[in-house]
Amino acid sequence: MRRRPRLCRDAWLTLLLSAALGFLLYTQRDGASPTTRAPPARGRQLPRPTPGLQAREPPNTARAAPLAYEGDTPVPPTPTDPFDFGRYLRAKDQRRFPLLINQPRKCRRDDAAGGSPDLLIAVKSVAADFERREAVRQTWGAEGRLQGALVRRVFLLGVPKGAGTRTHWRALLEAESRAYADILLWAFEDTFFNLTLKEIHFLSWASAFCPDVHFVFKGDADVFVHVRNLLQFLEPRDPAQDLLAGDVIVQARPIRARASKYFIPQAVYGLPVYPAYAGGGGFVLSGATLRRLADACSQVELFPIDDVFLGMCLQRLRLTPEPHPAFRTFGISQPSAAPHLRTFDPCFYRELVVVHGLSAADIWLMWRLLHGPQGPVCAHPQPVATGPFQWNS
């Protein structure tokens, strides 16, 4: 008779623990914790066009609920903090900041190499990240002539957060600028949500100091770029015609969960989905589009997510970004049918243009593997799929 109350008590305890576990799983599923990793396979990647084909209008996805922006965004290139939307709304019209370090001769015709750049490489960076800048300089971002094309490079920086308590950072950047002549520094604070300011200031700078540049590649410091493949893709293109190509995302919707670092209130953006945009990890645009974007972005209200903001500027120009299969702003996904396959392999990288999310050591290593005396031994390349990236099921 004494066992029955004990069994009843154990049953109630088990039920209580099960309810607590279920509640914990529910809150995790609903995004109680912000995501900071590269995304899992949450959507279906449609076939992508082969290089050179024009972008298509996104198919009708009225039946499929688009997934959220947070899932299509790799690890940010700069540190993030909880976003103060009150401060943002009060200061959103402040969009002109002084240029503290300039490179006015970067694209001059009287440069020793002669002529305007065929390709200008612009890399988003932060003051403390010298190691990544040096890796880019010594590998894929090297200046000079490649396949007959003149390549130039700049790094885009803002003032480090909390720089008022540190006095040496400015002297270090000025010394780095004297050594490499590739630092652009503006007076706004270098935070994740100020990348939009970095976008508009670079567009304005390039229009003023590189007005005759043929093409511009803009990306993060943690990407690997196969510049030869990029130049091969650009060779038949006319720099006087509109072009913005990359890893195009369509039908991404804003995050409404306040816990997310990508939280966008309804009052800031009321539409259900974002316009089509190219992933900010790396994309290429023509000189003609650069100059038109500089003008269009000056007329578009600032938005705190830089690649979405650029999509808004393209929308104002009625331009559709062109998807390209070799721009991998999510990195190289592990094939589900071959979980043993190593994706950090030069045979993968040999056929691509951009791969996002590499350390400085990874960039060095992959560059040496691809450009060593013998090069990688690879099978024939497989045909790539076609179509823009799209969030649907």
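Predicted, not measured: the structure shown is a model, and the values here were computed from it.
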- Query: Please walk me through it: do R145 and D118 pass side chain to side chain contact (heavy atoms under 4.5 Å, CB included)?
  - Reply: CA-CA 9 Å; R145 289 204 173 268; D118 297 291; 4.2 Å; yes
Kindly indicate whether the side chain of [X], heavy atoms from C-beta on, has any atom under 4.5 Å from the side chain of [Y].
{"X": "F224", "Y": "D362", "value": "no"}
{"X": "L100", "Y": "L173", "value": "no"}
{"X": "Y274", "Y": "F303", "value": "yes"}
{"X": "V300", "Y": "Q315", "value": "no"}
{"X": "K218", "Y": "L156", "value": "yes"}
{"X": "W364", "Y": "Q138", "value": "yes"}
{"X": "V354", "Y": "F217", "value": "yes"}
{"X": "P275", "Y": "M312", "value": "yes"}

Co-membership, hydrophobic cluster, residues [X] and [Y], 4.5 Å side-chain:
{"X": "F344", "Y": "F327", "answer": "yes"}
{"X": "L317", "Y": "L290", "answer": "yes"}
{"X": "I121", "Y": "F130", "answer": "no"}
{"X": "F309", "Y": "F192", "answer": "yes"}
{"X": "L99", "Y": "V216", "answer": "yes"}

- Charged N to carboxylate O below 4.0 Å: is that the case for D242 and R292? yes
- Is the shortest distance from a Lys or Arg side-chain nitrogen in D182 or K106 to a carboxylate oxygen in the other one below 4.0 Å? no
Check the surroundings of atom [atom1] in [X]: do more than 12 heavy atoms from other residues, nucleotides or ligands lie under 6.0 Å from it?
{"X": "E235", "atom1": "CD", "answer": "no"}
{"X": "E131", "atom1": "CD", "answer": "no"}
{"X": "R258", "atom1": "CZ", "answer": "no"}

Output yes when a side-chain donor or acceptor of [X] lies under 3.5 Å from a complementary backbone atom of [Y], and no otherwise.
{"X": "W140", "Y": "V223", "result": "yes"}
{"X": "D247", "Y": "G279", "result": "no"}
{"X": "R153", "Y": "A122", "result": "no"}
{"X": "S204", "Y": "I200", "result": "no"}
{"X": "D345", "Y": "C347", "result": "yes"}

Show the nearest heavy-atom pair for residues [X] and [Y], with the distance to one decimal.
{"X": "V136", "Y": "A221", "result": "CG2-O, 4.0 Å"}
{"X": "I255", "Y": "S260", "result": "CG2-CB, 3.5 Å"}
{"X": "L185", "Y": "V159", "result": "CD1-N, 4.1 Å"}
{"X": "C313", "Y": "L293", "result": "CB-CD2, 3.7 Å"}

- Message: Determine whether V248 and E322 satisfy the following criterion, side chain to side chain contact (heavy atoms under 4.5 Å, CB included), listing intermediate values before the conclusion.
- Response: CA-CA 7 Å; V248 176; E322 178 179 328; 5.7 Å; no
- Query: Among all residues two or more places apart in sequence or in another chain, which pass the salt bridge (charged side-chain N to carboxylate O under 4.0 Å, His left out) test with E176?
  - Reply: R133, R137
- Query: Can you check side chain to side chain contact (heavy atoms under 4.5 Å, CB included) on Q251 and V273, steps first, answer last?
  - Reply: CA-CA 6 Å; Q251 294 292 304; V273 296; 4.0 Å; yes
- Query: Between F97 and F188, how do the two ring planes meet: parallel, tilted or perpendicular, split at 30° and 60°?
  - Reply: perpendicular
Cut-off 3.5 Å, no hydrogens considered: what does the side-chain donor-acceptor table look like for residues 365-373, sequence neighbours left out?
from	atom 1	to	atom 2	distance (Å)
H371	ND1	W367	O	3.1

- side chain to side chain contact (heavy atoms under 4.5 Å, CB included) between V308 and Y269, intermediate numbers included: CA-CA 11 Å; V308 174; Y269 187 83; 5.8 Å; no
- Message: Please tell me whether Y180 and E134 have a donor and an acceptor in their side chains that are separated by less than 3.5 angstrom.
- Response: yes
If you round to the nearest 0.5 Å, how far is [atom2] of [Y] from [atom1] of [X]?
{"X": "L314", "Y": "T289", "atom1": "CG", "atom2": "OG1", "value": "8.0 Å"}
{"X": "L195", "Y": "D307", "atom1": "CG", "atom2": "CG", "value": "9.0 Å"}
{"X": "L310", "Y": "L244", "atom1": "CG", "atom2": "CG", "value": "6.0 Å"}
{"X": "C297", "Y": "R95", "atom1": "SG", "atom2": "CZ", "value": "8.0 Å"}
{"X": "S125", "Y": "I183", "atom1": "OG", "atom2": "CD1", "value": "7.0 Å"}
{"X": "R105", "Y": "F209", "atom1": "CZ", "atom2": "CZ", "value": "12.0 Å"}

- side chain to side chain contact (heavy atoms under 4.5 Å, CB included), paired with V355, selected from F348, Y349, F330: Y349
